[in-house]
Protein chains: 2
Amino acid sequence: MVHSTADAGNRQVRPPTLTDRTIEAVREGIRAGTLVPGELYSVYRLADELGVSRSPVREALLRLAETGMVAFERNRGFRVVLPGARELTEIIAVRLALEVPAAERAAVRADAADRAALRTEYEAMQASVTAGDETAFLLHDQRLHTLLLELAGNAHVTRIIENLRDATRLVGASTIRKSRSLEDVYREHRPILDALDRGDAPAAGAAMRSHLESTGRLLLREAVGSGDDIGLMWTDLIE
Amino acid sequence: MVHSTADAGNRQVRPPTLTDRTIEAVREGIRAGTLVPGELYSVYRLADELGVSRSPVREALLRLAETGMVAFERNRGFRVVLPGARELTEIIAVRLALEVPAAERAAVRADAADRAALRTEYEAMQASVTAGDETAFLLHDQRLHTLLLELAGNAHVTRIIENLRDATRLVGASTIRKSRSLEDVYREHRPILDALDRGDAPAAGAAMRSHLESTGRLLLREAVGSGDDIGLMWTDLIE
DNA sequence: TCGCCATGAGTAACATGTTACTACCCTTAT
DNA sequence: ATAAGGGTAGTAACATGTTACTCATGGCGA
């Protein structure tokens with residue numbers, strides 16, 4: 001059984017730092033709509049909104065800037081960035097390259113406890129679908145993917161994907177609502193888990209590929225700018 | 001022709017910040033042996049060695065800590081970390097997953113100018129071999145790989161690999177000297193470039209895989225701790 | 001000789017102060 | 001009306017101050 005605490009770069013047994021808590025606060029603010037993409041904010045204002053000094057806030061935003069989630073503008077402020085079609089396509093390509101082999105590996109390594117944990121998340125997804133709670137749905141979707149990655153046993157891969165996910169979460173949230181395909185996304189995970197149960201590595205990989213490509217296309221369709229040629233970029237980076 | 005400036009997250013046309021310069025200074029310090037892995041340093045000391053305040057130094061080190069190059073210890077200082085066998089294996093696995101497809105893509109997209117640029121680096125590698133200059137060798141090796149990645153057209157992949165390389169550069173430097181296989185590593189690049197010239201994508205991918213696996217095993221042999229079972233980890237994460 | 005505890009030096013993490021720069025606004029001349 | 005220009009508010013980047021913690025060291029008793 002792979003422990004699920006996800007301590008890749010491992011920080012603290014001690015309480016999380018203010019920087020860590022600020023990172024979470026920003027993520028939450030974006031989820032909740034308090035921080036609007038494209039809008040200009042400042043470390044000053046955010047710092048006293050959160051009731052902390054500028055240092056941890058600045059550090060937190062710099063880390064988020066590394067993943068491309070926010071962008072600083074010198075002497076102006078920072079913005080929450082939502083990724084364009086190009087960036088989304090690139091991210092999907094990376095996820096395909098890393099998560100498909102991870103799924104294959106997971107199929108080989110999973111024991112009964114792992115499979116049970118995956119099922120739990122899967123059922124929680126189903127519950128979120130019927131409840132129409134897309135926030136919860138995305139949360140369990142993420143957890144399921146993360147569990148799979150941890151099963152594969154490569155902490156670097158887990159961290160990389162986690163970072164990329166951050167950059168896209170924003171698009172995902174607004175996308176799924178519109179296309180009301182929440183249930184479709186849910187269904188796509190079934191073949192993955194079934195293959196895991198059978199220990200069928202190739203099938204698990206194929207199912208994961210199919211899932212990522214499908215949701216990838218979905219994301220792109222929503223996030224596309226008029227100038228971007230999706231088909232061209234897709235074949236260029238993915239196929 | 002893909003432009004080689006590699007501005008993925010893109011910063012400034014303006015002069016680089018003190019933080020940026022500090023990051024480079026730390027990298028250089030490690031290369032030059034001024035900063036010894038495992039030794040305990042402090043932001044205080046490093047700051048006035050560099051003649052700047054603690055803020056940019058701290059920010060620089062935090063960024064390097066993200067990639068795993070250094071590690072902070074609360075109220076103690078920070079250390080330059082050299083990766084263990086486990087981490088090296090994980091990194092090799094990621095490089096295989098990303099750089100093999102990138103080589104295939106590059107084979108399709110490369111034009112005459114791209115191929116010429118690759119040849120230039122390749123010949124510079126050869127020159128470094130005969131000159132016995134391993135620093136220069138590693139530099140051109142890196143440039144060649146980066147060129148290939150940029151050719152593939154996925155800036156995220158380029159950035160990810162670049163970060164991983166940072167974590168391993170240290171091991172690579174000490175490794176190659178001992179095993180005096182500098183020339184072997186040089187030779188391994190030949191089939192890649194040949195395949196590129198023919199526009200033969202599968203061959204380019206296969207050559208890249210072979211190269212990464214070979215140098216990967218080399219790295220592991222040097223960096224291994226007595227308690228680590230290389231073979232087990234290798235099959236677990238790579239094959 | 002050995003263990004224990006107080007103490008102090010040194011640190012990361014956090015807070016606050018400073019600087020140089022940018023864009024915006026309002027005035028004024030054309 | 002429109003353009004030019006100076007002033008000002010607000011900012012990131014950098015510098016410095018403060019706090020709470022960790023660990024080594026040395027004295028002191030057994």
Side-chain angles (χ1 to χ4, degrees), chain A residues 7 9-27 29-30 34-81, chain B residues 7 9-27 29-30 34-81:
Chain A
D7 292 353
N10 201 338
R11 312 236 173 271
Q12 59 287 329
V13 181
R14 84 189 76 255
T17 67
L18 274 186
T19 300
D20 294 331
R21 275 186 274 166
T22 302
I23 288 179
E24 270 321 302
V26 171
R27 287 204 183 113
I30 293 174
T34 321
L35 291 172
V36 183
E39 212 69 20
L40 203 54
Y41 298 97
S42 86
V43 173
Y44 273 65
R45 277 186 283 161
L46 187 53
D48 60 39
E49 272 177 29
L50 296 176
V52 298
S53 82
R54 309 191 306 269
S55 302
V57 174
R58 178 173 162 81
E59 281 175 12
L61 288 168
L62 281 173
R63 277 210 235 169
L64 292 172
E66 287 250 311
T67 74
M69 206 176 183
V70 305
F72 274 89
E73 297 180 18
R74 164 121 186 178
N75 300 327
R76 298 262 296 144
F78 68 88
R79 299 178 198 276
V80 176
V81 179
Chain B
D7 292 352
N10 201 336
R11 311 238 174 268
Q12 61 285 329
V13 181
R14 84 186 77 254
T17 66
L18 275 184
T19 300
D20 293 330
R21 275 185 274 168
T22 301
I23 289 178
E24 271 320 303
V26 171
R27 285 204 184 112
I30 294 174
T34 321
L35 290 172
V36 184
E39 211 70 20
L40 202 54
Y41 298 99
S42 86
V43 173
Y44 272 67
R45 279 185 283 161
L46 187 53
D48 60 38
E49 273 177 28
L50 296 175
V52 297
S53 83
R54 309 190 308 267
S55 302
V57 174
R58 178 173 162 83
E59 281 176 13
L61 288 169
L62 282 172
R63 278 210 236 169
L64 292 171
E66 287 253 308
T67 75
M69 206 175 181
V70 305
F72 274 89
E73 297 179 19
R74 163 122 191 175
N75 300 328
R76 298 263 298 141
F78 68 89
R79 299 178 198 274
V80 176
V81 179

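Counting non-hydrogen atoms under 4.0 angstrom, A:Glu59 reaches nothing in the nucleic acid.
When the P atom of C:dC14 is taken as reference, atom CG of A:Leu61 falls 14 Å away, rounded to whole Å. Rounded to whole angstrom, the span from the CG atom of B:Asn75 across to the C1' atom of C:dA12 amounts to 5 Å. Rounded to whole Å, the distance from CG on A:Leu62 to C1' on D:dC14 is 12 Å. At whole-Å resolution of the value, CD in B:Glu39 and C1' in C:dT11 are 16 Å apart. Between the CD atom of B:Glu73 and the P atom of D:dC23 there is a distance of 8 Å, rounded to whole Å. The distance from atom CG of B:Leu18 to atom C1' of D:dA12 is 13 Å, rounded to the nearest whole Å. In this structure, the CZ atom of B:Phe72 is 14 Å from the C1' atom of C:dC14, given to the nearest Å. In this structure, B:Arg74 atom CZ and D:dA20 atom C1' are separated by 7 Å, rounded to whole Å.
For the pair A:Leu18 and A:Arg21, the minimum side-chain heavy-atom distance is below 4.5 Å. Side-chain contact between B:Met69 and B:Ile23 is absent, with no heavy-atom pair separated by less than 4.5 Å. Contact of the A:Leu62 side chain with the B:Leu62 side chain is not registered, since no non-hydrogen atoms from C-beta on lie closer than 4.5 Å.
Contact check of residues 43-58 of chain A against DNA chain C (heavy atom, cut-off under 4.0 Å) returns A:Tyr44, A:Val52, A:Ser53, A:Arg54, A:Ser55, A:Pro56.
When all heavy atoms are compared, the tightest approach of A:Val43 to A:Arg58 is CG1-N, 4.1 Å.
Remark: A:Arg27 engages A:Glu24, A:Asp166 in a side-chain hydrogen bond (donor to acceptor under 3.5 Å, both in side chains) (not counting sequence neighbours). With sequence neighbours excluded, the residues satisfying side-chain hydrogen bond (donor to acceptor under 3.5 Å, both in side chains) with B:Arg79 are B:Glu73. Contacts of A:Thr19 classified as side-chain hydrogen bond (donor to acceptor under 3.5 Å, both in side chains), with partners at least two apart in sequence or in another chain: A:Glu59.
In terms of phosphate contacts, A:Thr17 brings no side-chain nitrogen or oxygen within less than 4.0 Å of OP1 or OP2 of C:dA12.
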Close N or O pairs between protein and nucleotides 24-26 of chain D (under 3.5 Å):
none

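A:Leu46 contributes atom CG, which lies 7.5 Å from atom OG1 of A:Thr22 (distance to the nearest 0.5 angstrom).
For residues 40-53 of chain A, no residue pair satisfies the side chain to side chain donor-acceptor pair (under 3.5 Å) rule, not counting sequence neighbours.
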